[in-house]
There are 2 protein chains.
Amino acid sequence: MARRNEHSKAQLRTLAIAAVRAIVAEQGPDKLSVRKVAEHIGYTPGMLYHVFACLDDLILHANAVTLDGLLQRMQAATALSPAEALQTMAGQYLALAREEPHLWQLVFMHRMPQAAAVPAWYQQRTLQLFVLVEDQMARLSAQQDAAAVHLAARTLWSSVHGISVLAVENKLSIAGDVDETAMLQSLIHHYLASWARNSVNGDDA
Amino acid sequence: MARRNEHSKAQLRTLAIAAVRAIVAEQGPDKLSVRKVAEHIGYTPGMLYHVFACLDDLILHANAVTLDGLLQRMQAATALSPAEALQTMAGQYLALAREEPHLWQLVFMHRMPQAAAVPAWYQQRTLQLFVLVEDQMARLSAQQDAAAVHLAARTLWSSVHGISVLAVENKLSIAGDVDETAMLQSLIHHYLASWARNSVNGDDA
DNA sequence: ACCTGAACACCGTTCAAGT
DNA sequence: ACCTGAACACCGTTCAAGT
């Protein structure tokens, strides 16, 4: 058949990425396949290997779109006070997980095969996310050195991530329902209360 | 061929579970397959469907063994003071993730297909894990009602989980190395410091 | 009754061959 | 140059048929 130049390489990439997101949003991450993506955009599976290195490469590009949306939502909170900003950002993290659980799972629960390295253009987005948190932590406690802020930001955000992961997977509802929003609020309130206080004293135990 | 009664049904189950754990420990969760398990114990793939409902059922049984080991390790810490017990339990959680990353991943990153219900005999083990944490939280703050302890235990342990997940996936090493043990210590120290104090005042914001 | 062997309906990936 | 079609080496699962 060979439908020449009906779409440019860039268009094919965009089409494929959109197809991935549509399939995953509807059917879930485990139902995604190269063959389905190809069928969705009217091409052959083999074509996709002309525009992407492999399925994981395609998934990473689809995840970048989701990640950019999350970053935008989180950036909107930077005008608030540090504590409010962090609470709002955590809320946005959980909100995305609830609104688009499948796309969220594709981003945050996708593993590279045998711990292969994530490309730099993708890592840069994950880094931006941590930097947003770090900035607010630094505002909260100007006395702390960069290493302490670095550690605390990663501690707090990994914790937010953990709560969101278990919430999306419904692994928290066992033995009594829980309110994930209340969990995030409790985490951030208590962690920051002690951390900001100790940072004045220079104690970082 | 049909090798009759060479192994009992119970023996076949034990053999298959051990094979799953051996294959995953060596090659990682994504390299596991029904066919490999069967070959590993000298049987045909079809046989496994006589002793297990499906691959996920078999995985759940393999995970139960890992989970029981973790529970034992965590239970050894119950003699310590509440804060020390929680620090030690979190350390055991991370230690397992580091010693047996693949088996840890099989337990904590395995998703049931389309959010299918986890069987009761398995949920009971996850519950035991939370109860261990809850007991220590209750000891820390006798004044709090059960609901508050419930929420705080799940908040803290989901956070420990989040830190361990990102540590195992090496998603924390971007932009400067981090010490996961220091993160766990920071989390537990600061969360408990504020939570235990506020619980005396009856404030649970 | 216990287990096999072969099939069914899928996968990701590659690449010679067609236009 | 762009894309196909067919193959390769895998999957999980089922089930009639053999012992």
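Numbered from 1 within each chain, the chains take letters A, B, ... in sequence-line order.
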Visitor: How long is the line joining CG of A/Asp57 and P of C/dT13, in whole Å?
Guide: 10 Å
Visitor: Between A/Trp104 and A/Phe108, how do the two ring planes meet: parallel, tilted or perpendicular, split at 30° and 60°?
Guide: tilted
Visitor: Given the rule in the side chain to side chain donor-acceptor pair (under 3.5 Å) test, do B/Arg139 and B/Gln136 qualify, once you have shown the distances and angles that lead to the verdict?
Guide: CA-CA 5 Å; B/Arg139 282 176 68 201; B/Gln136 301 305 317; 2.8 Å; yes
Visitor: Rounded to the Å, how far apart are A/Glu39 CD and D/dG5 P?
Guide: 14 Å
Visitor: Taking atom P of C/dT14 as reference, at what distance in whole Å does atom CG of A/Leu48 sit?
Guide: 13 Å
Visitor: Choosing from C/dG5, D/dG5, C/dT13, which nucleotide comes nearest the side chain of A/Thr44?
Guide: D/dG5
Visitor: Under 4.0 angstrom, heavy atoms only, what part of the nucleic acid is B/Leu12 near: base, sugar-phosphate, or nothing?
Guide: sugar-phosphate
Visitor: Is there a donor-acceptor contact under 3.5 Å linking the side chains of A/Ser159 and B/Tyr191?
Guide: no
Visitor: If pairing requires Watson-Crick or G-U wobble contacts with both distances under 3.5 Å, which nucleotide is the partner of C/dA1?
Guide: D/dT19
Visitor: Within this structure, what is the OH-to-P distance between B/Tyr43 and C/dC3, rounded to whole angstrom?
Guide: 5 Å
Visitor: Counting only Watson-Crick or G-U wobble pairs whose two distances fall under 3.5 Å, which nucleotide matches D/dT14?
Guide: C/dA6
Visitor: Pick the closest DNA chain C nucleotide for A/His50 and for A/Lys31 by heavy atoms, then say which residue is nearer the 5' end.
Guide: A/Lys31
Visitor: Would you mind reading off the distance between B/Arg35 atom CZ and C/dA6 atom P, rounded to a whole angstrom?
Guide: 13 Å
Visitor: What is the distance from CD of A/Gln11 to C1' of D/dC2, rounded to the nearest Å?
Guide: 14 Å
Visitor: Determine: side-chain N/O of B/Tyr49 to OP1/OP2 of D/dT14, distance under 4.0 Å, yes or no.
Guide: no
Visitor: Under a 3.5 Å cutoff, is there a donor and acceptor pairing between the side chains of A/His110 and A/Asp56?
Guide: yes
Visitor: Looking at side-chain heavy atoms only, is the closest gap between B/Asp145 and B/His150 below 4.5 Å?
Guide: no
Visitor: Assuming nearest nucleotide by heavy-atom distance, tell me which of A/Val34 and B/Lys9 is located more 5' along DNA chain C.
Guide: B/Lys9
Visitor: Is B/Lys36 touching bases, backbone alone, or none of the nucleic acid, heavy atoms closer than 4.0 Å?
Guide: sugar-phosphate
Visitor: Please report the distance, rounded to the nearest Å, between CG in A/Leu58 and C1' in C/dT13.
Guide: 14 Å
Visitor: Hey, does B/Ser33 reach any base, or is it just sugar-phosphate, or nothing, if we go heavy atoms under 4.0 Å?
Guide: sugar-phosphate
Visitor: Can you measure B/Leu15 atom CG to C/dC3 atom P for me and round it to whole angstrom units?
Guide: 11 Å
